[in-house]
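Heads up, the thing below is written out as structure tokens.
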Amino acid sequence: MTPVSADLDRRFRDAAAREQLLDVAYDFVDSPVGTLLVAATGRGLCRIAYDAEPEREVERLAQTFGVRVLRSASPIDPARRELDEYFAGSRQRFDLTVDLALLADFNRRVLRELARVPYGEVVTYGQLAAQAERPRAARAVGTVMNRNPLPIVLPCHRVIGANGKLVGYAGGLERKESLLRLEGALP
Amino acid sequence: MTLPPFERFYDDYKEEIHAFLVRRLGRDRADDAFQETFLRALRAYPKLRHGEHLRAWAYTIASRIAIDEHRRPRADADLPELASLDGRPAFAQLEHLADALPPTERAAVVLRYGYDLDYADIGAALGSNATAARQAASAGIRRLRRKEAQ
């Protein structure tokens, strides 16, 4: 038996993306904060997951965006490049398009505001709520941060408690600290 | 059974479909047919209503592509003509006729008489074995004959 060669496998995965037959393409991206599962629809980046269990994550992507989910490197390459540059310290802003179409209005509004928080700075949950014109919704903003589908690119690590504490991070506080340290926001 | 993400379908069947295409077409032509099989599956995938009989479905697509590949003129090969009924390819007529059969019998009949697969390959397609494939094909044929007699 001749197994499917790595080259044939890659050719199929590339062709599937090139012919725009995929609801979601995903791939794994190595980073100093661990291997990230990165996924994109035809509209843009839709998911960055820490510590992903691939089977489960792929199942979730299929339920959310459609069954044609396939690992394919080429649609993820732009994100891979920008993430590499970010972790190398040579990129402070991401130029990737993101797909937030399926999120609730409030979540989308908060995440759009979040995207404006500059590199190396921090805001509090309350400040972000105020920027999203919902000044009393600090807790709800916390929930949106916790469910952020695109950590790092949408920088929820830059949102901290009113008392200056880091409070929480879906990927674990250690990662929040390393990202803030990388950006020079922490000593 | 719900339709699994395409990644899982591909991962589950890529090796055996590739091996099947190598048997039918030889190594040189199997790679193109492999890519075409899974691209065609990908196009049709969202229209599937459930995740049953996916293996037989994959083999049916691969068989059809293998036939198309066979038909393609090749300078270095002298290939036998495939069975046809009044000018139309056998598989096209059979797929239509066999639509009313239960899924396993349908797949066995179409793969045996439409695509000329041997029972070992049909057994693989059905996730069983050659004996079970032979039984399913003859049960299907008996059922079709009964229908015709009615």
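All chains are named by letter (A, B, ...) in the order of the sequence lines, taking the proteins before the strands, and each is independently numbered beginning at 1.
- Interface residue B/R27: only side-chain heavy atoms are found under 4.5 Å from chain A.
- Residues A/L22 and A/S72 approach most closely at CD1-CB, 4.3 Å, considering heavy atoms.
- A salt bridge does not link B/D32 to B/R29: none of the charged side-chain nitrogens sits closer than 4.0 Å to a carboxylate oxygen.
- We find that B/R55 and B/E16 are joined by a salt bridge, their nearest charged nitrogen and carboxylate oxygen being less than 4.0 Å apart.
- Criterion: ILVMFWY side-chain heavy atoms under 4.5 Å apart, direct or through other members. Under it, A/L45 and A/V110 are part of a common hydrophobic cluster.
- Classified by interplanar angle (parallel below 30°, tilted 30° to 60°, perpendicular above 60°), the ring pair B/F9/B/F6 is tilted.
- Distance alone, capped at 3.5 Å, is enough to place a donor-acceptor pair between the B/E15 side chain and the A/V4 backbone.
- No side-chain heavy atom of A/L150 sits under 4.5 Å from any side-chain heavy atom of A/L111.
- With a threshold of 4.5 angstrom between heavy atoms, A/D9 approaches chain B through its backbone and through its side chain.
- Under a hydrophobic clustering in which Ile, Leu, Val, Met, Phe, Trp and Tyr are joined whenever their side-chain heavy atoms come within less than 4.5 Å, directly or via other members, A/V58 and A/I48 fall into different clusters.
- Here A/A15 is the residue among A/A15, A/S5, A/G66 with the most heavy-atom pairs under 4.5 Å with chain B.
- For chain B, no part of A/L61 is nearby; none of its heavy atoms comes within less than 4.5 Å.
- The part of A/E55 that comes within reach of chain B is its side chain, from C-beta onward, which places non-hydrogen atoms under 4.5 angstrom from that chain.
- Ranking B/R8, B/H18, B/E7 against chain A, the residue ahead of the rest is B/E7, based on heavy-atom pairs under 4.5 Å.
- Within residues 80-100 of chain A, no residue has any heavy atom under 4.5 Å from a heavy atom of chain B.
- Between A/R175 and A/D51, at least one side-chain nitrogen of the basic residue sits less than 4.0 Å from a carboxylate oxygen of the acidic one, meeting the salt-bridge criterion.
- Contacts of residues 36-46 of chain B with chain A at a heavy-atom distance below 4.5 Å involve B/F38, B/L39, B/L42, B/R43, B/Y45, B/P46, listed in sequence order.
- Heavy atoms of other residues, nucleotides or ligands lying less than 6.0 angstrom from CD of B/E52 number more than 12.
- When side chains are defined from C-beta on, A/L114 counts as touching A/M145, because their heavy atoms get closer than 4.5 Å.
- Under 4.0 Å is where a charged nitrogen must lie from a carboxylate oxygen, and between A/E59 and A/R56 no such pair does.
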